[in-house]
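Heads up, the thing below is written out as structure tokens.
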Amino acid sequence: MAKSGLRLRFRLRENMQGYRFIMPWLVGFILFTATPLVQTLQYSLSDVQVAITGVELTAIGWQNYTRALFTDPTFVQLLIEYIIETSISVPIILIFAMIIALFLNVPFWGRGLFRTIFFLPVVITSGPVIGELTAQGATAAPQIATSAVITGFVAQLPPLLRDPVQYLLTSFILILWFSGVQILIYLAGLQKIDRFVYEAAAVDGASAWEMFWKITLPSLSTTTLINALYTVVTLSHFSENKVVKYIHSRIYDVEGGIGYASAMTFLHSLALIGLLIATFLVLRPRTRD
């Protein structure tokens, strides 16, 4: 009984420590996010009119949601493209980030400088900067990827795959720019792996390739899950996201309005939650019995 009591007190102490860490976020969410979120939900269920006297709401139920899903083909198409593009972009970003992290984890002169260079795009990728780079074509793939052969292959794809692949080719550099934070997280995960494990594997005759698949990759399973979830969220609220741009364009539209834009926002959020759940189910660490 004494041991059980000590174990419970230890767990309670651990839980309290965790709650103290997330307390600033909880307070910020309650003060600055919860109220606007509830208000946006109310707007999505109403016809919102902005008058001189203020905002006037007329309850219309789920009409904004049914309109977005069944009578607005543009929104549905953009939402499907967003899901496919995110599903394509996340693995590319994770693979690129892991490769760069593996290189940066090797001791060499100027390693700190290279870490800064790879993280720098995270600092400068603001809305206006990315908008200007995209307009100038600076985010497109190398010329070989846009050759006539590749273009002809893309043209033969089904419509649902054609646009996401085209997006990948025209925004390849932009996708890789999202890997800065992921590289740092992978670096932290790599530095936590015990060097003696690699030494023992080398003594047993394991090659570098075998050690990567048997030691490095399994040790980074939780890190990969964190990076994947972070990447999905980052790509979803990016200012150049087609769904986000379309919602912004309909906020003050006569035929749309704030209520309709709010409904599309919640549908976009539901798609994001679905992607997060799918990502978790695919990448969650498997425990052996």
Side-chain angles (χ1 to χ4, degrees), residues 78-105 114-115 117-125 129-130 133-134 137-147 149-151 153-190 209 212-213 216-218 220-245 271-272 274-284:
L78 291 177
L79 195 63
I80 295 174
E81 290 178 5
Y82 149 74
I83 295 173
I84 298 176
E85 289 171 2
T86 304
S87 302
I88 295 175
S89 301
V90 170
I92 295 174
I93 293 173
L94 294 182
I95 293 172
F96 178 78
M98 183 179 293
I99 293 173
I100 299 301
L102 289 170
F103 281 120
L104 294 180
N105 194 47
F114 280 96
R115 290 181 181 180
I117 291 174
F118 279 107
F119 188 74
L120 191 60
V122 179
V123 181
I124 66 173
T125 50
V129 173
I130 288 298
L133 291 174
T134 303
T139 60
Q143 189 67 30
I144 187 174
T146 56
S147 61
V149 177
I150 301 297
T151 304
F153 171 76
V154 172
Q156 297 177 359
L157 293 175
L160 285 179
L161 292 178
R162 187 186 308 138
D163 291 336
V165 173
Q166 188 67 35
Y167 159 79
L168 177 62
L169 294 176
T170 57
S171 306
F172 187 75
I173 305 300
L174 179 62
I175 292 173
L176 297 185
W177 277 358
F178 281 101
S179 60
V181 173
Q182 292 85 333
I183 291 174
L184 294 183
I185 296 176
Y186 270 131
L187 273 172
L190 288 170
W209 183 251
F212 171 76
W213 286 102
T216 305
L217 201 58
L220 294 176
S221 58
T222 302
T223 306
T224 300
L225 175 60
I226 294 172
N227 273 337
L229 296 177
Y230 171 81
T231 305
V232 171
V233 174
T234 302
L235 293 175
S236 298
H237 68 72
F238 180 47
S239 59
E240 292 298 310
N241 185 305
K242 297 177 183 178
V243 180
V244 174
K245 293 177 70 173
L272 168 59
L275 283 172
L276 291 175
I277 294 174
T279 302
F280 176 79
L281 293 177
V282 171
L283 296 177
R284 62 177 177 175

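As the structure is a computational prediction, the values presented were derived from the model and not from experiment. The first residue of the sequence shown is numbered 1, and numbering continues consecutively from there.
A distance of 11.0 Å separates CG in L229 from CD1 in I277, rounded to the nearest 0.5 Å. A distance of 12.0 Å separates CG in L225 from CG in L220, rounded to the nearest 0.5 Å. Distance check, rounded to the nearest 0.5 Å: CD1 of I100 to CD1 of I183 gives 5.5 Å. Taken to the nearest 0.5 Å, the CG atom of L190 stands 12.0 Å off from the CD1 atom of I185. Atom OG1 of T222 sits about 11.0 Å away from atom CG of N227, to the nearest 0.5 Å. Distance check: S87 OG to I92 CD1 gives 11.0 Å after rounding to the nearest 0.5 Å.
In the displayed structure, F212 atom CZ is contacted under 6.0 Å by more than 12 heavy atoms of other residues, nucleotides or ligands.
With sequence neighbours excluded, the residues forming a side-chain hydrogen bond (donor to acceptor under 3.5 Å, both in side chains) with T224 are Y186, listed by chain and number. Residues passing the side-chain hydrogen bond (donor to acceptor under 3.5 Å, both in side chains) test with T234, sequence neighbours excluded: none. Judged as a side-chain hydrogen bond (donor to acceptor under 3.5 Å, both in side chains), and not counting sequence neighbours, T223 has no contacts.
A pairwise comparison of heavy atoms in A271 and L79 identifies CB-CD1, 4.0 Å as the closest pair. Closest approach of A228 and L283 over heavy atoms only: CB-CD1, 3.4 Å. Taking each heavy atom of S236 and L272 in turn, the nearest pair found is OG-CD1, 3.2 Å. Nearest heavy atoms, L78 versus V243: O-CG2, 3.4 Å.
At least one side-chain heavy atom of T216 sits under 4.5 Å from a side-chain heavy atom of L102. Counting heavy atoms from C-beta on, the side chains of L235 and N241 never come closer than 4.5 Å. Taking the side chain as every heavy atom from C-beta outward, L217 and M98 approach each other to under 4.5 Å.
The one candidate from I95, T231, L275 that meets the side-chain contact (heavy atoms from CB on, under 4.5 Å) condition with V90 is T231.
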